Amino acid sequence: MPELPEVEVVRLGIADHVVGHTITRVVVHDVRSLRRHLAGPADFVHRVEGRTVVGAARRGKYLWMQVGDWTEGEASDAVLCHLGMSGQFLVSEADAPPPRHLRVALTLDDGRELRFADQRIFGGMSFSEDGAELPPEIAHIARDPLDPLFDPAEFATRIRKRQTGVKRAILDQTLISGVGNIYADEALWRVPLHYARNTRHLRAREIESLLGHVGDVMREALAQGGTSFDALYVNVNGNSGYFDRSLQAYGQEGRPCERCGTPIRRDAFMNRSSFWCPHCQPRPRNGKF
DNA sequence: ATGAATACCTGAGAGC
DNA sequence: TGCTCTCAGGTATTCA
């Protein structure tokens, strides 16, 4: 389940292995991965073929390749990508066997291929005109906690104007981006804070602590995930070392809380699960606490 | 403004 | 073995 750290690993991989190369051919194996390119797959192919990748950028869980017309040229447009639940990018030799669920293949000028595979097709790609700096399609996505221009004071102001549960708020990509279900639960456990705590009544120091832990969890995951891809293989899946070793709340139902030993609970929440320690993260009873 | 519901998807695993 | 059901969940959209 790619969240911000996994997407950043992919961005680094593309920066290392794809930037500087021209896309000579685009093959769309499954049009559903281009659902968000409204002009259709043929238009996508037409617009992407011949373009040179001059940079790789990211905001939250969105990733885009900045594309220009020449290797040294200025990029104005972008190929916008989202990994969804199961998206992967791989850089392979052309004769390497295709991965399962290959959806789009971009041939590079040296014969290698940048391959987009996605089992569940929640992710996808689109061409973004004038999107090099920030694709207009994602103008509503807030800066993420690893962005140097992320403004903690503005975040604090905005979250306290909300009247909703704190987990709902940090999953809202227009308030803070890059946070998914897993890192939300981990950060809330660390503070600790129950997921239903009312944003309106959070104390300043609780918001500060939450933000600190969200950033820490992501930086730690990035440090581990960043070591797991080799020179020719850019890959993201839900099984980075971080998931195996370091989760203290997510997926830990019934296991003792590492702080207090109380069994971790699981609640249904927003069509997914929330994992929390009933002792460290007591459920608020009136919304105020 | 907020949130709830829904659609989009596949495959692993459980239960029968 | 094979069927059906549940679950995993990020985002856009629509409705209350």
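Below, chains carry the letters A, B, ... as their sequence lines are ordered, and counting in each starts from 1. Predicted model only: the values in this text are computed from it and were never measured.
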Set of residues satisfying ring-ring contact (aromatic ring centres under 6.0 Å, His included) with respect to His101(A), sequence neighbours excluded: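 With sequence neighbours excluded, His101(A) shows a ring-ring contact (aromatic ring centres under 6.0 Å, His included) to no residue whatsoever.
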ring-ring contact (aromatic ring centres under 6.0 Å, His included) involving His82(A) - partner list, sequence neighbours excluded: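 Partners of His82(A) under the ring-ring contact (aromatic ring centres under 6.0 Å, His included) test: Tyr62(A).
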Closest listed nucleotide, where the reference is the side chain of Thr164(A) and the choices are dC8(B), dT2(B), dG10(C): dT2(B)
Of the listed nucleotides dT11(C), dG9(C), dG10(C), the one nearest the side chain of Glu3(A): dG10(C)
Residues touching DNA chain C, which here means a heavy atom under 4.0 Å, drawn from residues 122-141 of chain A: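 Heavy-atom cutoff 4.0 Å gives Phe122(A), His140(A).
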Pair listing, salt bridge (Lys or Arg N to Asp or Glu O under 4.0 Å) test, anchored in residues 163-173 of chain A, at least two apart: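 Listed by first then second residue: Arg162(A)-Asp172(A), Lys167(A)-Asp185(A).
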Arg32(A): partners by salt bridge (Lys or Arg N to Asp or Glu O under 4.0 Å), with sequence neighbours left out: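 Here the qualifying residues are Asp30(A).
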Any donor-acceptor pair under 3.5 Å from Asn181(A) side chain to Ser273(A) backbone: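 Side chain of Asn181(A) to backbone of Ser273(A): a pair is present.
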Shared-cluster residues of Leu38(A), by chain and number - hydrophobic side chains joined below 4.5 Å: none
Side-chain donor-acceptor pairs under 3.5 Å in residues 119-137 of chain A, sequence neighbours left out?
unit_1, atom_1, unit_2, atom_2, d
Ser128(A), OG, Glu137(A), OE1, 2.8
Glu129(A), OE1, Arg47(A), NH1, 3.4

Which atom pairs link the protein and nucleotides 4-6 of chain C when you take only N or O atoms and keep those under 3.5 Å?
none

Pairs under 3.5 Å (N/O, protein and nucleotides 13-16 of chain C):
none

Sugar-phosphate, base or nothing in reach of Arg200(A), heavy atoms under 4.0 Å: nothing
Length of the CG-C1' vector between Leu83(A) and dT11(C), whole Å: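 It is 13 Å, rounded to the nearest whole Å.
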Length of the line joining Asn181(A):CG and dC7(C):C1', which is rounded to integer Å: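 So the CG-C1' distance, Asn181(A) to dC7(C), works out to 13 Å.
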Protein N or O to nucleotides 4-6 of chain B N or O, pairs below 3.5 Å:
unit_1, atom_1, unit_2, atom_2, d
dA4(B), OP2, Arg168(A), NH1, 3.1
dA4(B), OP2, Arg168(A), NH2, 2.7

Short side-chain N/O contact to dT11(C) OP1/OP2 from His82(A), under 4.0 Å: yes
Short side-chain N/O contact from Arg36(A) to OP1 or OP2 of dT11(C), under 4.0 Å: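 Arg36(A) to dT11(C) OP1/OP2: no side-chain N or O under 4.0 Å.
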Nucleotides 10-15 of chain B: protein proximity per nucleotide (B base, S sugar-phosphate only, - neither; heavy atom, under 4.0 Å): BS----
Selection: residues 154-162 of chain A, any non-hydrogen atom under 4.0 Å of DNA chain B: Lys161(A), Arg162(A)
